[in-house]
Amino acid sequence: AAAKVAIVAPETHHLKKMFDGRGVVFFKPEDSESLTSVFKLFIGHPETIVSKGICLHHHIRENYNWEYVFAMESETISRKL
């Protein structure tokens with residue numbers, strides 16, 4: 001994400017929930033055709049690598065910093081009190 005390029009990852013529940021539409025390009029696990037289609041996308045549209053990478057970079061900067069983590073933890077603790 002720091003390099004501002006797209007990430008290719010297997011489609012798992014947690015990754016999909018956290019990063020779907022946010023710069024990660026998913027492929028179906030154990031499906032070589034699915035992975036091949038991702039690489040074909042990048043070959044046919046190389047600008048996608050950078051545009052999705054920038055999207056991912058912004059998502060991580062906005063949602064995975066100490067202020068965000070502290071706010072989420074504080075909210076969780078407050079609900080339990």
Side-chain angles (χ1 to χ4, degrees):
K4 296 183 183 173
V5 295
I7 291 179
V8 177
E11 188 175 291
T12 63
H13 172 74
H14 295 291
L15 286 176
K16 191 91 167 156
K17 182 178 178 183
M18 293 170 58
F19 297 107
D20 192 28
R22 296 182 178 103
V24 176
V25 181
F26 294 100
F27 66 92
K28 292 180 176 61
E30 300 183 34
D31 183 344
S32 60
E33 289 296 320
S34 177
L35 181 58
T36 300
S37 70
V38 170
F39 289 122
K40 285 181 179 177
L41 168 70
F42 289 157
I43 291 167
H45 304 281
E47 70 280 358
T48 303
I49 298 169
V50 175
S51 65
K52 288 190 176 290
I54 290 170
C55 178
L56 177 63
H57 180 79
H58 289 298
H59 174 68
I60 289 173
R61 276 188 53 203
E62 291 173 13
N63 295 291
Y64 298 96
N65 56 56
W66 285 115
E67 291 83 12
Y68 178 81
V69 170
F70 181 77
M72 292 294 103
E73 292 300 319
S74 178
E75 182 179 315
T76 300
I77 291 168
S78 294
R79 282 185 292 198
K80 293 182 179 187
L81 294 179

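Atom set for the values below is all heavy atoms of this structure, side chains included, hydrogens, waters and symmetry mates excluded. Keep in mind it's a predicted model, so treat the numbers as computed, not measured. We number each residue from 1, following the sequence as shown.
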Those residues that, when tested against H45, pass side chain to side chain contact (heavy atoms under 4.5 Å, CB included) (two or more places apart): L41, E47, T48
Under 3.5 Å donor-acceptor pairs involving side-chain atoms of residues 68-79, not counting sequence neighbours:
unit_1: T76; atom_1: OG1; unit_2: M72; atom_2: O; d: 2.9
unit_1: T76; atom_1: OG1; unit_2: R79; atom_2: NH2; d: 3.3
unit_1: S78; atom_1: OG; unit_2: S74; atom_2: O; d: 2.9

Residue pairs, two or more places apart or on separate chains, that pass salt bridge (Lys or Arg N to Asp or Glu O under 4.0 Å) and touch residues 10-21: E11-K16, K16-D20
Pairwise distance CG(L15) to CZ(R22) - rounded to 0.5 angstrom: 12.5 Å
Distance, nearest 0.5 Å, that separates OG of S51 from CG of L56: 11.5 Å
Hydrophobic cluster membership, V50 vs I7, 4.5 Å side-chain cutoff: no
I54 side chain near H58 side chain, heavy-atom distance below 4.5 Å: yes
Residues clustered with I43, ILVMFWY side-chain links under 4.5 angstrom: none
side-chain hydrogen bond (donor to acceptor under 3.5 Å, both in side chains) against N63, all qualifying residues, sequence neighbours excluded: H59
OG1 on T12 to NE2 on H14, rounded to 0.5 Å: 7.5 Å
F42: partners by ring-ring contact (aromatic ring centres under 6.0 Å, His included), with sequence neighbours left out: none
Could you go through residues 24-33 and list every donor-acceptor pair under 3.5 Å that involves a side-chain atom there, pairing it with any protein atom two or more places apart or in another chain?
unit_1: D31; atom_1: OD1; unit_2: E33; atom_2: N; d: 3.1
unit_1: D31; atom_1: OD1; unit_2: S34; atom_2: N; d: 3.1

